[in-house]
Amino acid sequence: MVRVLINAPKQVTRGEAFDVKLLISHPMESGQRRDAMGATIPRDIIHSFVCRYNDEEVLRAELFPAIAANPFLSFAVVAQETGTLTMTFTDDHGVVQTETAHITVA
Amino acid sequence: MLALPQAVAREKRSGYQDASPQTQAMQDDDAANPGFLWVQQGEALWSNRSVPEQRSCADCHGTASVAMRGVAAQYPKFDERLGRPITLIQRISQCRTERQGLPPQPPDSDALLSLSAYVGLQSRGMSVQVSIDGPARSFFEAGRALFQTRQGQFNLSCSQCHDDLAGHRLGGSIIPQGHTNGYPEYRLEWQAMGSLERRIGNCMAGVRAEKLAPDDVALAALELYLGWRDNGLEVETPAVRP
């Protein structure tokens, strides 16, 4: 399990954009570095990120090397009804992790 | 030739003020400050009973926001029983080994960084108040002497850069006054949270001096002097620095 910090408002106004901020603890190893013996350290980055709101895809991102460790993602979402944000990311080791946040529309 | 300006009494300046606006913004927003990944883990450890003695930090100390408020601002602190000053990380480690039955860990282990970040956060915004009264005095003097002693192949003292040349540049970077009010802190160069011991080790390596062991009394004395030097600045844990 990777540690994740999600910052999203619990309550939002219908049709108004709100910010979702996400910090993921991940080494984001670029695959360009070598260890003390000269061997290449294999690439290990989060390469894809998908955010859904009530099963509707609201954001899909492809990530590449040259992103620092512990990536920070921030994006805006508009909600029409109460629901759940589901954020899924996949890394090079095949680890798939899903995090959720409940949003109430007032 | 390098002209050494006269050492003048100047205003204390947190490393925050010399950081770029982008780095400052990272520290200012708790949702963007990667140090909070460690704070989050520290909060979980605070109430974790899965230790040999089956006793969590919270079982003895209660709620961290009440019990730990202002605590980090007073460290390093003289420990009567050991007869020497100890750092906050060493104090937490002492509790973990003696009362929770856990094996000792280095200061830059994830557990100690997380707990000290969580405990440090409870003092954020408060003034650093490190005491050098009583038996701590001799350690303080030793720490100050070490700070002013030239060492390593480059034959440089801490004071030459962090007192005399603070505010000037070393390469492209501004030399900070060397305050320790944000530790443990997230350093972009490390891409991780790290302790003051690690940072001091970097400077020691930089002047080609021999590093001090984490449990060396000389290191605790140096940190006591540095803590006293911060007095009056705000605790910024978990700070973000370049």
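Quick note on labels: first sequence line is chain A, next is B, and so on, each numbered from 1. In this text the structure is predicted, and so the values were computed from the model without any measurement. Hydrogens, waters and symmetry mates play no part in the numbers below; they use all other heavy atoms, side chains included.
- Interface remark: A/Leu73 contributes no atoms to any contact with chain B (heavy atom separation under 4.5 Å).
- Highest contact tally toward chain B, considering only A/Ile6, A/Leu5, A/Ile24, is held by A/Leu5 [criterion: heavy-atom pairs under 4.5 Å].
- For A/Arg60, the salt bridge (Lys or Arg N to Asp or Glu O under 4.0 Å) criterion is met by A/Glu57, not counting sequence neighbours.
- Atom CG of A/Asp35 has more than 12 heavy atoms from other residues, nucleotides or ligands within 6.0 Å.
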With 3.5 angstrom as the limit, list the donor-acceptor pairs from chain A to chain B, or say none if there aren't any.
from: A/Arg3; atom 1: NE; to: B/Leu37; atom 2: O; distance (Å): 3.1
from: A/Arg3; atom 1: NH1; to: B/Gln41; atom 2: OE1; distance (Å): 3.4
from: A/Val4; atom 1: O; to: B/Gln40; atom 2: NE2; distance (Å): 3.0
from: A/Lys21; atom 1: NZ; to: B/Asp29; atom 2: OD2; distance (Å): 2.6
from: A/Ala69; atom 1: N; to: B/Gln191; atom 2: OE1; distance (Å): 2.7
from: A/Asn70; atom 1: ND2; to: B/Tyr186; atom 2: OH; distance (Å): 2.8
from: A/Asn70; atom 1: ND2; to: B/Gln191; atom 2: O; distance (Å): 3.4

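- The heavy-atom pair separating A/Leu23 from B/Leu37 by the smallest distance is O-CD2, 3.8 Å.
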